[in-house]
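Side-chain atoms are counted along with the backbone in the values below, which use heavy atoms only and exclude waters and symmetry mates.
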Amino acid sequence: MDEIVVVREGSGPEVLLVHGGAGPRTTWGALAPLTDRWTLASVHRRGYPPSPPPRERQDFEQDARDVAPLLVNRPHVVAHSYGALGALIASAAVPGGVRSLTLIEPPLHHLVPDDPEVARLERLGDAVLTRGMAADPAELRAFLRLVGAPLGEGPIPEAVAAGVRRAHGSRPTGQARPRLDAVRAAGVPVLVASGGHAAAFERICDALATVLGGERGVYPGAGHFVAAAPGFTDRLDAFWSRNPT
């Protein structure tokens with residue numbers, strides 16, 4: 001089978017969860033209490049079992065093609081990091097298929113041109129995507145820390161290295177140009193969230209919320225994995241409840 005796998009838990013209106021470089025459990029595990037009122041539909045992007053491997057590489061354009069059919073029931077959509085690129089592209093193509101859109105630290109560097117911190121984030125990310133574990137060790141560790149990988153002072157843990165190898169060769173994030181104007185014109189309710197841990201992500205999220213006319217929230221305490229931060233589940237619950245149709 002070539003279709004991706006979506007695992008649904010809970011009851012109530014559907015929320016489509018699109019993870020980034022880390023898998024669904026790592027990214028969304030803290031949202032489990034919300035299954036009392038919502039159906040959490042966790043997308044497993046290509047390369048993340050039980051979904052099939054990517055046809056060629058990790059690619060936000062393929063993610064968009066995978067996500068688009070899942071919008072048929074007008075779910076709330078929550079997307080993280082690299083996964084937010086494909087989710088945004090799909091949402092812009094069929095904005096009427098999205099009840100609300102929550103975007104967590106997406107790598108949309110072009111929204112903040114000429115900013116040194118944002119430029120550094122893009123450079124580090126590109127180095128890892130193009131060279132994988134062969135990237136400069138200092139740059140590799142700097143990027144992994146920015147995106148929340150569990151690193152000590154010793155060798156890079158095998159689970160983290162496996163994630164780097166999986167991302168190696170991915171379509172660079174700088175090539176993503178989702179139709180943000182289409183999302184805003186459709187009046188899709190938007191929440192842009194960050195973790196208060198890196199200036200580059202804060203500036204990107206500030207710019208994105210402005211462009212989309214969306215709400216903005218900062219939730220410290222879990223780094224890049226904002227879904228696990230204190231108070232975030234309550235904010236999501238309230239945001240979805242205020243946008244029921």
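Rounding to the nearest 0.5 Å gives a distance of 10.5 Å between CZ of Arg177 and CG of Leu85. Distance check, rounded to the nearest 0.5 Å: CG of Leu16 to CZ of Arg74 gives 13.5 Å. Here the straight-line distance linking atom OG1 of Thr27 with atom CD1 of Ile104 works out to 8.5 Å at 0.5 Å rounding. Note that CH2 of Trp38 and CG of Leu236 are 9.5 Å apart. Values are rounded to the nearest 0.5 Å. Rounding to the nearest 0.5 Å gives a distance of 4.5 Å between CG of Leu144 and CG of Leu140. Rounded to the nearest 0.5 Å, atoms OG1 (Thr173) and CG (Leu129) are 6.5 Å apart.
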Stepwise side-chain contact (heavy atoms from CB on, under 4.5 Å) check, Met133 with Ile156: CA-CA 10 Å; Met133 291 298 293; Ile156 292 175; 4.2 Å; yes
Please report the C-alpha distance between Glu14 and Arg99 in whole Å, then the side-chain angles of each, then the deciding distance to 0.1 Å, and finally whether the salt bridge (Lys or Arg N to Asp or Glu O under 4.0 Å) criterion is met. CA-CA 10 Å; Glu14 183 162 293; Arg99 193 164 301 190; over 6 Å; no
Worked check of side-chain contact (heavy atoms from CB on, under 4.5 Å) between Asp66 and Val43: CA-CA 9 Å; Asp66 288 332; Val43 169; over 6 Å; no
Chi angles and distances behind the side-chain contact (heavy atoms from CB on, under 4.5 Å) call for Arg45, Tyr82: CA-CA 11 Å; Arg45 294 172 53 234; Tyr82 194 95; 3.3 Å; yes
Criterion ring-ring contact (aromatic ring centres under 6.0 Å, His included) on Phe239 and His76, from CA distance to verdict: CA-CA 10 Å; Phe239 179 60; His76 297 280; 7.4 Å; no
Between Leu111 and Asp206, is a side-chain contact (heavy atoms from CB on, under 4.5 Å) present by the stated rule, with each step listed? CA-CA 9 Å; Leu111 295 179; Asp206 287 345; over 6 Å; no
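Residues His224 and Leu146 form no side-chain contact, since every pair of their non-hydrogen atoms from C-beta on lies 4.5 Å or further apart. Residues Gln175 and His110 have side chains not in contact (no heavy-atom distance under 4.5 Å, counting atoms from C-beta outward). Contact of the Ser241 side chain with the Arg37 side chain is registered, since non-hydrogen atoms from C-beta on lie closer than 4.5 Å. Leu101 is listed as a side-chain neighbour of Leu88, based on a closest heavy-atom distance under 4.5 Å. No side-chain heavy atom of Ser170 sits under 4.5 Å from any side-chain heavy atom of Pro54. Two residues are said to be in side-chain contact when any heavy atoms from C-beta on lie closer than 4.5 Å; Pro107 and Ile204 fail this criterion. Counting heavy atoms from C-beta outward, Val190 and Leu208 have side chains that stay 4.5 Å or more apart. Within the 4.5 Å cutoff, no side-chain heavy atoms of Val226 are placed close to those of Phe201.
With Tyr48 as the aromatic partner, Arg166 meets the cation-pi criteria of under 6.0 angstrom to the ring centre and within 45 degrees of the ring axis.
For Thr35, the side-chain contact (heavy atoms from CB on, under 4.5 Å) test picks out Glu9, Leu40, with sequence neighbours left out.
In this structure a side-chain-to-backbone donor-acceptor pair under 3.5 Å is present from Arg46 to Asp2. Listed for the Glu122 side chain is no donor-acceptor partner under 3.5 Å among the backbone atoms of Glu117. Without hydrogens or angle criteria, Arg131 side chain to Ala134 main chain gives a donor-acceptor distance under 3.5 Å. Not a single donor-acceptor pair under 3.5 Å links the side chain of Thr26 to the backbone N or O of Ala22. Formation of a donor-acceptor pair under 3.5 Å by the Arg184 side chain with backbone atoms of Val211 is found in this model. No donor-acceptor pair under 3.5 Å is formed between the side chain of His44 and the backbone N or O of Ser51. Under a 3.5 Å cut-off, the side chain of Asn73 and the backbone N or O of Pro75 do not form any donor-acceptor pair. Distance alone, capped at 3.5 Å, is enough to place a donor-acceptor pair between the His168 side chain and the Thr130 backbone. Between the side chain of Arg171 and the main chain of Gln58, no donor-acceptor pair closer than 3.5 Å is present.
Between Pro95 and Ala186, the shortest heavy-atom distance links the atoms CB-CB, 3.4 Å. Among all heavy-atom pairs drawn from Gly152 and Arg141, the shortest one is O-NH1, 3.2 Å. Pairing each heavy atom of Phe60 with each of Pro172, the nearest pair is CE2-O, 3.3 Å. The minimum heavy-atom distance linking Ala222 with Ala229 is given by the pair CB-N, 3.7 Å. Nearest heavy-atom pair across Trp240 and Ser100 is CD1-OG, 3.7 Å. Contact record, Ala92 with Ala182: O-CB, 3.8 Å, taken as the closest heavy-atom pair.
Linking ILVMFWY residues whenever their side-chain heavy atoms come closer than 4.5 Å, directly or via other members, places Leu70 and Leu103 in the same cluster. Hydrophobic clustering of Ile, Leu, Val, Met, Phe, Trp and Tyr side chains at less than 4.5 Å, counting indirect connections, unites Val6 with Val98. With hydrophobic clusters built from ILVMFWY side chains whose heavy atoms lie under 4.5 angstrom apart, Val218 does not share a cluster with Leu121. Taking hydrophobic clusters as Ile, Leu, Val, Met, Phe, Trp and Tyr residues chained together by side-chain heavy-atom distances below 4.5 Å, Leu212 shares a cluster with Val18. Taking hydrophobic clusters as Ile, Leu, Val, Met, Phe, Trp and Tyr residues chained together by side-chain heavy-atom distances below 4.5 Å, Val160 shares a cluster with Leu124.
With no hydrogens or angles considered, a side-chain donor-acceptor pair links Arg55 and Gln62 at under 3.5 Å. There is no side-chain donor-acceptor pair under 3.5 Å between Ser42 and His19. In summary, the side chains of His197 and Glu105 do present a donor paired with an acceptor at a separation below 3.5 Å, with no hydrogens or angles considered. Donor-acceptor pairing under 3.5 Å is recorded for the side chains of Arg216 and Ser194.
For Arg25, the CZ atom sits in a loose shell: 12 or fewer heavy atoms of surrounding residues, nucleotides or ligands are nearer than 6.0 Å.
Pairs of residues two or more places apart, or lying in two chains, never qualify as side-chain hydrogen bond (donor to acceptor under 3.5 Å, both in side chains) while including a residue from residues 144-156.
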